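We number each residue from 1, following the sequence as shown. Since the model is a prediction, treat every value here as computed from it, not as a measurement.
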Amino acid sequence: MTQTTVTSSTTTTTPSGLRSLYLIRATFSLIWVALVATTSASLMSTDEPTVIAALLLVIYPLWDVIATLLERRMADTGSTDHVGTTNMALGLAATAGMIIAVFSTIGTALLVFGVWALLSGAIQLVVAIRRRRTVGAQWPMVISGGLSVLAGASFAAKSASPTSSLSTIAGYSAFGAFWFFVSAIALSIRSRRARR
């Protein structure tokens, strides 16, 4: 969901390259969810993050920056990819914000995460709509981007609630992994049909 891999609709990203990147993104998310579930899911809004929770919270948006950079290199778009540049800047800002937030409370981290999820979900939604003409099979990313916008708004709105916890972000990331897997499958099906 927030896991936004974006480039402009005029790139040369191949469906097989995008499929591989989606599978990597899904795998990363599942590992991240497992780590949160086993180490930090019980942390509530008013708690201070543990060292492990802090690391997990900082790594998540940073990984999105790395994945966007990987796609840019795969597509060889360089500085012409304004959407990717915007997404990377947003991810770096979220990483910096998270570094500051983890010295406060889980609620503060949820607020930063929520704002980032909302904005990067909006970018993902726009890119998926634009990319459906050139790459196709983008309906899972459209759904994922839309859900990210809604989830981000919800995280930000509920960040001060004493019942909010890191388990909500883990659930969000698990749904993101699901949509990346669905996207990889959709691209595989489209590639097979195109070869016939």
_Any non-hydrogen side-chain atom of V83 less than 4.5 Å from a side-chain atom of V126?_
no
*asked:* For residues 96-106, which residue pairs pass the side chain to side chain donor-acceptor pair (under 3.5 Å) check, not counting sequence neighbours?
replied: S104-T108, T105-T108
_Under 4.5 Å between side-chain heavy atoms, counting indirect links through other Ile/Leu/Val/Met/Phe/Trp/Tyr residues: same cluster for L21 and I185 or not?_
no
*Could you tell me whether the side chain of R19 reaches within less than 4.5 Å of the side chain of S188, counting heavy atoms only?*
yes
_With heavy-atom distances below 4.5 Å as the criterion, would you say the side chains of L147 and F175 are in contact?_
no
*asked:* As a quick check of understanding, evaluate side chain to side chain contact (heavy atoms under 4.5 Å, CB included) for I169 and L57, giving each step before the final call.
replied: CA-CA 10 Å; I169 292 178; L57 287 165; 4.2 Å; yes
_Under 4.5 Å between side-chain heavy atoms, counting indirect links through other Ile/Leu/Val/Met/Phe/Trp/Tyr residues: same cluster for I59 and V102 or not?_
yes
*Output yes when a side-chain donor or acceptor of S29 lies under 3.5 Å from a complementary backbone atom of R25, and no otherwise.*
yes
_Gap separating the OG atom of S154 from the CG atom of L118, nearest 0.5 angstrom_ = 10.5 Å
*Close side-chain approach of L166 to L56, heavy-atom, < 4.5 Å*: no
*Determine, using the 4.5 Å side-chain heavy-atom cutoff (strictly less than), whether I52 and F103 are members of one ILVMFWY cluster.*
yes
*Test side chain to side chain contact (heavy atoms under 4.5 Å, CB included) applied to D64 and W116, step by step*: CA-CA 11 Å; D64 192 63; W116 174 61; 3.7 Å; yes
*Say whether V58 and I31 are linked into one hydrophobic cluster, either directly or through other cluster members, by side-chain heavy-atom distances under 4.5 angstrom.*
yes
*Side chains of W32 and Y60: closer than 4.5 Å at any heavy-atom pair?*
yes
*Between M98 and L35, is there a shared hydrophobic cluster once you connect ILVMFWY residues whose side-chain heavy atoms come closer than 4.5 Å?*
yes
*Start with the C-alpha gap between L23 and F181, add the side-chain angles, then the distance that decides, and say whether side chain to side chain contact (heavy atoms under 4.5 Å, CB included) holds.*
CA-CA 6 Å; L23 290 173; F181 275 128; 3.6 Å; yes
*Between S159 and A156, is there a donor-acceptor pair closer than 3.5 Å when you use the side chain of the first and the backbone of the second?*
yes
*Minimum-distance pair of heavy atoms, taken over all atoms of G146 and L125*: N-CD1, 4.0 Å
*Gap between atom CZ of F178 and atom OG of S173 - 0.5 Å precision*: 14.0 Å
Under 3.5 Å, side-chain donor or acceptor atoms of residues 88-96 against the rest of the protein: list the pairs with distances, not counting sequence neighbours.
unit_1	atom_1	unit_2	atom_2	d
T95	OG1	L62	N	3.3
T95	OG1	G91	O	2.8

*If only atom types and distance count, is the side chain of S144 paired as donor or acceptor with the main-chain N or O of W179 below 3.5 Å?*
no
*asked:* If you define the side chain from C-beta out and look only at heavy atoms, does anything of V65 sit under 4.5 Å from L69?
replied: no
*Hey, mind stepping through I24 and W63 against side chain to side chain contact (heavy atoms under 4.5 Å, CB included) and telling me if it holds?*
CA-CA 11 Å; I24 292 168; W63 164 245; 3.8 Å; yes
*Is the shortest heavy-atom distance from the side chain of F28 to the side chain of I66 under 4.5 Å?*
no
_Donor-acceptor contact below 3.5 Å, side chain T168 vs main chain S165_ = yes
*CG/L111 to CD1/I106 distance, rounded to the nearest 0.5 angstrom?*
13.0 Å
*Name all pairs fulfilling the side chain to side chain donor-acceptor pair (under 3.5 Å) condition that reach into residues 35-46, sequence neighbours left out, sorted by first residue then second.*
none
*Shortest non-hydrogen contact between A26 and F180, atoms and distance*: CB-CB, 3.9 Å
